[in-house]
Colleague: 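Have a look at the structure that comes next, please.
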Amino acid sequence: MTDKNEKLTPDERELGVLSHDTPVTTRPKEPPTRRAFLTGATSLFGVAAAHVLLAPFLGHAANVSGDPTRVPGALATEYGRRSPFERAKRLTKPQRSRTPLQDLHGIVTPSALHFERHHNGVPLIDPAKHRLLVHGLVERPLLFTIGELKRFPSTSRLAFVECSGNSGKEWKGPKGKTVQEIHGLTSTSEWTGVRLANVLSEAGLAPGATWMLAEGSDAAAMTRSLPLNRVLDEALLCYAQNGEPLRPEQGYPLRLLVPGYEGSTCVKWLRRLKLVASPVMTREETSKYTDLMPDGTARQFTFEVEAKSVITTPSGGQRLKKTGYVEIRGLAWSGRGRVEKVEVSVDGGKNWRTARLQAPILPKCHTRFCLDWWWDGGEAVLQSRCIDETGYRQPTRQELVEVRGTNSYYHYNAIQSWQIDKEGNVRNVQV
Amino acid sequence: MRGQSLLFVLLVTVAVGPADVWAASKNGLFHLGRVATPEEIQAWDIDVAPGGEGLPAGSGTVEEGQRVYAKHCAGCHGATGVEGPSPKLVGGQGTLASAHPVKTVGSYWPYATTLFDYIYRAMPFVAPQSLTPHQVYAVTAWILFQNGLLDKAAVLDRETLPKVRMLNRTGFVPDPRPDVNRPGS
């Protein structure tokens, strides 16, 4: 890579503005240098010995400036790492981190980039010591080890998890700069676990068991009450994410997943399920995660994430450097089911075109949309709106605020507008 | 009881023969997990419901609560509960319908039991679950007193706490969505 290319941010590389400028390495006319000769020794033994000594440096450090076809590469590793050229990272605050949506492809969020939200840190839990207690209005209170939970029939599915505080600052105006800062509290993973219904059947529901309190074993002992009849069909007790055990920040070794529900209901580090007759009214369902309306009343138990979408390329903080073809890309999702359709506008909502949806299109999952666009160098306001399988259409900011005012901190799903100026700079605006 | 049903399953297996090894489950059950003892349940069963269910024995006064608060809470929530830097616990009454609502225990919280539950499980932030029930009753009393919801002479225990009348008790409504762009509208 040339110096020029190395200065590019991942965003710029993604926009492909310089993809034709990289010089091609040609076969040297001079003999190879001593260093290249050593590492490229023809004796098999020599190669192996050099690899043992140089393993940490090979591939990455040794090959960066050279021709990778002339130098043996790095050896196999036990647990893979991404290329050192890739820098996408979460944007962190002590109790949350945001997914770099602008750097992702397809619909799955790499586990290491899945957003985090915790209320008093990520606990370190020995899975051998962890237990799940199921009690309250049950016939038999039961304790399960993680090993026992893994013995139940397993289920895997993809699902997004979105914090209901995602985009929350936007209620008060266009506060955030990048798509990561504004909308990065949503991610999609494949989750594997046992159906909640199977585990509850073991304990046997007693009459009157209509709600379930889920509690985590973190320092916040996070708790939420959930209406049983609404969650039983789909809820999973998950021990794995994207094919491997959950990441610590995703609830290792056990978390609840209620597909489509606001993230805080998917209690992490799950240690207790208590069957009850009515909600426990914990702090996280009264003081927090409730929405204040203009008349001073507050909405409670706002569980399903309503349809939402956002254009991730081009998005806030990026810059279009050349006129011409741009593939507009983004993500859409709905907690009520499948994404039916995504429409995109480049003129601030006057005209809409239907975007292509990339397979797979799964219920309660991020869905990738794309649309061809030719930027002519003029000003533009890019927007996307999601229509889900229930027929619900993602509202404009004006429609949303008219009904709910601006004092709700949670559940903001208005259409995002990105303004592009004549220099190609992309900015968060509200129109 | 569990032993009996396991025995039943064993008998059935013997009676029905090898074909039964393919059954998805026995009577819809998998016979995993073990019965939790009352002590195991009690050790973790810390939640407190609005009717007072789950409140432990013990009691506390406003005066005792002031001392608990000064020692364990004031550093983060401020000397009188309004100074911060951590969330304001006091004040804000009458602001919920304004342009600058201040949501506190006094102005926003619908149940006094929630305050006990939350402090007992999660505060003080740096040493959660370190306070005794007695200390939690006391500091709960002090925060409610600061918000004008309790008399200075009040004593809180499992009988009196659920009876504290919170200002915003009827302020919460169930989720009415879809409220914007209803399908078909």
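The chains referred to below are lettered A, B, ... by the order of the sequence lines, with proteins before strands, and numbering in each begins at 1. When reading the values below, keep in mind they use all heavy atoms of this one structure, side chains included, and skip hydrogens, waters and symmetry mates.
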Colleague: Only pairs of heavy atoms separated by less than 4.5 Å count here; which of A:M293, A:H135, A:E402 has the most with chain B?
Modeller: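 Answer, by heavy-atom pair count under 4.5 Å with chain B: A:H135.
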Colleague: Heavy-atom distance under 4.5 Å between the side chains of B:T160 and B:V155, does that happen here?
Modeller: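 In short, these two side chains do not touch, never coming nearer than 4.5 Å.
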Colleague: About how many Å separate CZ of A:R393 and NZ of A:K341, when rounded to the nearest 0.5 Å?
Modeller: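 Taking NZ in A:K341 and CZ in A:R393, the distance rounds to 11.0 Å.
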Colleague: When only heavy atoms count and the cut-off is under 4.5 Å, which of residues 45-62 of chain B reach chain A?
Modeller: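 Near chain A, by residue number: B:D45, B:I46, B:D47, B:V48, B:A49, B:P50.
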Colleague: Just wondering, do B:E64 and B:Y137 contact through their side chains at under 4.5 Å, heavy atoms?
Modeller: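 No, every pair of side-chain atoms sits at 4.5 Å or beyond.
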Colleague: Can a donor-acceptor pair be found, under 3.5 Å and without considering hydrogens, that links the side chain of A:Q394 to the backbone of A:S309?
Modeller: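 Checked: pair present.
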Colleague: Is there any residue in residues 78-109 of chain B with a non-hydrogen atom under 4.5 Å from a non-hydrogen atom of chain A, and which ones are they?
Modeller: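 Contacts with chain A: B:L96, B:A97, B:S98, B:A99, B:P101, B:K103, B:Y108, B:W109.
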Colleague: Is the closest side-chain heavy-atom distance between A:F303 and A:P227 below 4.5 Å?
Modeller: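 In short, these two side chains touch, coming nearer than 4.5 Å.
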Colleague: Heavy atoms only, distances under 4.5 angstrom: which of A:E215, A:Q300, A:E285, A:E148 has the most pairs with chain B? Name it, please.
Modeller: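 Highest number of pairs under 4.5 Å: A:Q300.
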Colleague: Using non-hydrogen atoms and a 4.5 Å limit, figure out which bit of A:R404 sits close to chain B: side chain, backbone, both or neither.
Modeller: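 The side chain, not the backbone.
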Colleague: In sequence, state the C-alpha distance, the side-chain angles, and the governing distance for A:E262 and A:T265, and then conclude on side-chain hydrogen bond (donor to acceptor under 3.5 Å, both in side chains).
Modeller: CA-CA 6 Å; A:E262 60 179 348; A:T265 62; over 6 Å; no
Colleague: Between A:R96 and A:H119 (side chain of the first, backbone of the second, donor and acceptor by atom type, cut-off under 3.5 Å), is there such a pair?
Modeller: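 No, A:R96 side chain to A:H119 backbone: no donor-acceptor pair under 3.5 Å.
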Colleague: Looking only at heavy atoms, which of residues 128-136 of chain B get nearer than 4.5 Å to chain A?
Modeller: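 If one takes a 4.5 Å heavy-atom cut-off, the residues of residues 128-136 of chain B near chain A are B:P128, B:Q129.
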Colleague: Does atom CG of B:D179 have more than 12 heavy-atom neighbours, drawn from other residues, nucleotides or ligands, at distances under 6.0 Å?
Modeller: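 Result for CG/B:D179: enclosed.
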Colleague: Give the interface residues of residues 272-284 of chain A toward chain B, defined by a heavy-atom separation under 4.5 Å.
Modeller: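 Residues of residues 272-284 of chain A touching chain B at under 4.5 Å: A:R272, A:K274, A:P279, A:V280, A:M281, A:T282, A:R283, A:E284.
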Colleague: Does the side chain of A:Y239 reach to within under 4.5 Å of the side chain of A:P253, using non-hydrogen atoms?
Modeller: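 A:Y239 does not reach A:P253 side chain to side chain.
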Colleague: Does NZ in A:K172 sit with more than 12 non-hydrogen atoms of other residues, nucleotides or ligands closer than 6.0 Å?
Modeller: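 Yes - once you tally the heavy atoms of other residues, nucleotides and ligands closer than 6.0 Å, there are more than 12.
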Colleague: What part of A:P294 lies closer than 4.5 angstrom to a heavy atom of chain B: side chain, backbone, both or neither?
Modeller: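 Only the backbone of A:P294 comes within 4.5 Å of chain B.
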Colleague: What distance do A:L196 atom CG and A:L232 atom CG have between them, rounded to the nearest 0.5 Å?
Modeller: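 If I round to the nearest 0.5 Å, the distance is 5.5 Å.
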Colleague: Which one, B:R121, B:M123, B:R177, leads in non-hydrogen pairs under 4.5 Å with chain A?
Modeller: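 Of the options given, most contacts go to B:R177.
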Colleague: Non-hydrogen atoms of chain B under 4.5 Å away: do they reach the side chain of A:R336, the backbone, both or neither?
Modeller: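 The side chain, not the backbone.
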Colleague: Could you check whether any side-chain heavy atom of B:L144 comes within less than 4.5 Å of a side-chain heavy atom of B:L161, counting everything from C-beta outward?
Modeller: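 SC-SC contact between B:L144 and B:L161 confirmed.
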Colleague: Ignoring hydrogens and geometry, is there a side-chain-to-backbone donor-acceptor pair from A:K364 to A:V258 under 3.5 Å?
Modeller: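 Not confirmed, A:K364 side chain does not pair with A:V258 backbone.
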Colleague: With a 4.5 angstrom heavy-atom cut-off, is it the side chain or the backbone of B:Y118 that approaches chain A, or both, or neither?
Modeller: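 For B:Y118, the side chain is the part near chain A, not the backbone.
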Colleague: Would you check if A:M222 and A:K268 make a side-chain contact, meaning some heavy-atom pair closer than 4.5 Å?
Modeller: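 SC-SC contact between A:M222 and A:K268 ruled out.
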Colleague: State whether the number of non-hydrogen atoms from other residues, nucleotides or ligands found under 6.0 Å of B:E63 atom CD is greater than 12.
Modeller: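 No, because the 6.0 Å sphere around CD of B:E63 holds 12 heavy atoms or fewer from other groups.
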Colleague: What part of A:K288 is in contact with chain B, defined as an atom under 4.5 angstrom from a non-hydrogen atom: side chain, backbone, both or neither?
Modeller: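 Neither; nothing under 4.5 Å.
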Colleague: Looking at A:A219, A:G147, A:A203, which makes the most heavy-atom pairs under 4.5 Å with chain B?
Modeller: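 Sorted descending by pairs with chain B, the first entry is A:A219.
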Colleague: From A:D218 CG over to A:I125 CD1, what is the distance, rounded to the nearest 0.5 angstrom?
Modeller: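 Answer for the CG-CD1 pair, A:D218 versus A:I125, is 7.5 Å.
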Colleague: Measure the acute angle between the ring planes of A:Y410 and A:Y289, then classify it against the limits of 30° and 60° as parallel, tilted or perpendicular.
Modeller: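 If you compare the ring of A:Y410 with that of A:Y289, the planes turn out tilted.
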Colleague: Flag the pair A:E343 / A:I387 as yes when at least one side-chain heavy-atom distance between them is below 4.5 Å, and no otherwise.
Modeller: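 In short, these two side chains touch, coming nearer than 4.5 Å.
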Colleague: How about A:S201 and A:N198: does a side-chain donor come under 3.5 Å of a side-chain acceptor?
Modeller: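 No, A:N198 and A:S201 have no side-chain donor paired with an acceptor closer than 3.5 Å.
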Colleague: With a 4.5 angstrom heavy-atom cut-off, which part of A:F301 approaches chain B: side chain, backbone, both or neither?
Modeller: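 For A:F301, backbone heavy atoms alone lie under 4.5 Å from chain B.
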Colleague: Among A:E306, A:E399, A:R131, which residue has the highest count of heavy-atom pairs closer than 4.5 Å to chain B?
Modeller: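 Of A:E306, A:E399, A:R131, A:E306 has the most heavy-atom pairs under 4.5 Å with chain B.
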Colleague: Go through the atoms of A:L213 and report whether side chain, backbone, both or neither lie under 4.5 Å from a heavy atom of chain B.
Modeller: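 Side chain of A:L213 only, per the 4.5 Å heavy-atom cut-off to chain B.
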Colleague: Among the options A:T290, A:D295, A:T297, A:T406, pick out the one with the most heavy-atom pairs lying under 4.5 Å from chain B.
Modeller: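 The residue among A:T290, A:D295, A:T297, A:T406 with the greatest pair count is A:T290.
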Colleague: May I ask you to decide if B:A153's main-chain N or O and B:D151's side chain share a donor-acceptor pair within less than 3.5 Å?
Modeller: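 Answer holds: no.
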Colleague: Given side-chain hydrogen bond (donor to acceptor under 3.5 Å, both in side chains), test A:R117 with A:S264 step by step and report yes or no.
Modeller: CA-CA 8 Å; A:R117 176 74 176 100; A:S264 64; over 6 Å; no
Colleague: Using a 4.5 Å cut-off on heavy atoms from C-beta on, say whether the side chain of A:V305 contacts that of A:N166.
Modeller: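 In short, these two side chains do not touch, never coming nearer than 4.5 Å.
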Colleague: Among A:N407, A:L133, A:V199, which residue forms the greatest number of heavy-atom pairs with chain B at distances under 4.5 Å?
Modeller: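 Ranked by heavy-atom pairs under 4.5 Å with chain B, first place is A:N407.
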Colleague: Does B:D157 reach the main-chain N or O of B:E159 with its side chain, forming a donor-acceptor pair under 3.5 Å?
Modeller: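 Indeed, once roles are kept as given, a pair shorter than 3.5 Å links the two residues.
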